[in-house]
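Heavy-atom basis, side chains included; hydrogens, waters and symmetry copies ignored. This one's a predicted model, so the numbers in the text were calculated from it and none came from an experiment. Nothing fancy with the numbering, it's 1 onward along the sequence.
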Amino acid sequence: MHQDKAILKALNEEVFPSLSPKFNEQAMQLIYKEVKRKKKQNFILMISCLSAVSLGLIVLAIYLLKHYISFNFAIHIQIPSFKPDTISQYYFDIYIAVLILVLISLDHLFRNYWYKRRYEGSVGQ
């Protein structure tokens, strides 16, 4: 009988020290920090590999053009002649280019605004 009470008393005692109340929160913060660091590291590795492969392809293309196709790398710049009938065409081309640039800029601006409102606004809720 005395042994049963001693066993029950030993089982009811706390053998392990209690954890601080913020232990789970601190552990999760460390985990999120590590995940963020890993994602950043993987992104940098991916960009580095992509850049290396792209540079290799460019060098290979130049080598093949120079040695096997005998491509002339001398740049011949021809100055365009401006005649009255072609000037209006240049103005139209410049107008279209500026219009496209403005539309792309507005698209980028509105997409960023929409993204911030949709994803960053709902994180704290």
Side-chain angles (χ1 to χ4, degrees):
M1 187 90 159
H2 183 48
Q3 284 181 332
D4 293 338
K5 288 183 182 179
I7 291 173
L8 287 174
K9 184 179 177 185
L11 289 175
N12 288 335
E13 289 180 2
E14 287 190 27
V15 178
F16 302 106
S18 63
L19 299 173
S20 69
K22 292 191 174 187
F23 175 77
N24 287 339
E25 185 179 329
Q26 291 172 349
M28 289 307 291
Q29 284 178 352
L30 287 174
I31 290 170
Y32 285 137
K33 190 176 182 181
E34 185 66 22
V35 166
K36 191 175 181 180
R37 186 188 68 79
K38 264 308 219 196
K39 283 184 179 180
K40 188 175 182 181
Q41 184 181 17
N42 287 340
F43 177 74
I44 291 173
L45 180 65
M46 180 185 67
I47 294 295
S48 300
C49 290
L50 188 65
S51 299
V53 169
S54 298
L55 187 63
L57 287 173
I58 290 171
V59 168
L60 180 65
I62 291 173
Y63 176 78
L64 289 175
L65 285 174
K66 189 173 183 181
H67 292 291
Y68 291 104
I69 302 176
S70 69
F71 185 75
N72 188 6
F73 282 102
I75 299 173
H76 301 288
I77 298 175
Q78 185 178 14
I79 299 174
S81 61
F82 292 106
K83 297 176 184 167
D85 57 340
T86 60
I87 290 178
S88 63
Q89 180 65 34
Y90 288 124
Y91 284 139
F92 180 73
D93 292 344
I94 291 171
Y95 168 74
I96 295 296
V98 168
L99 185 64
I100 289 172
L101 184 65
V102 167
L103 289 174
I104 290 173
S105 300
L106 286 174
D107 178 62
H108 177 71
L109 179 74
F110 288 131
R111 282 180 192 258
N112 279 343
Y113 177 71
W114 177 79
Y115 178 80
K116 285 181 183 177
R117 281 194 64 201
R118 178 156 184 183
Y119 293 109
E120 291 179 5
S122 64
V123 170
Q125 296 177 355

Point-to-point distance, once rounded to the nearest 0.5 Å, from [atom1] of [X] to [atom2] of [Y]:
X      : Y      : atom1 : atom2 : answer
Gln41  : Glu34  : CD    : CD    : 8.5 Å
Arg111 : Leu109 : CZ    : CG    : 12.0 Å
Leu99  : Ile104 : CG    : CD1   : 10.0 Å
Tyr91  : Ile96  : OH    : CD1   : 16.0 Å
Leu101 : Leu106 : CG    : CG    : 9.5 Å

May I ask you to test the [X]-[Y] pair for a side-chain heavy-atom distance under 4.5 Å?
X      : Y      : result
Trp114 : Arg117 : no
Lys38  : Val35  : no
Leu55  : Ser51  : no

Treat each ILVMFWY residue as a node, draw an edge where side-chain heavy atoms are under 4.5 Å apart, and state whether [X] and [Y] are in one component.
X      : Y     : result
Ile44  : Ile47 : no
Leu57  : Leu65 : no
Ile100 : Tyr95 : yes

- Query: Which is it for Ile31 and Met28 under the side-chain contact (heavy atoms from CB on, under 4.5 Å) test, yes or no, and what are the steps along the way?
  - Reply: CA-CA 5 Å; Ile31 290 170; Met28 289 307 291; 4.1 Å; yes
- Message: Tell me whether Arg37 at atom CZ has more than 12 heavy atoms from other residues, nucleotides or ligands lying less than 6.0 Å away.
- Response: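 Count over threshold, so yes.
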- Item | Residue from Lys39, Lys40, Met46 passing side-chain contact (heavy atoms from CB on, under 4.5 Å) with Phe43 |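 Option passing the side-chain contact (heavy atoms from CB on, under 4.5 Å) with Phe43: Met46.
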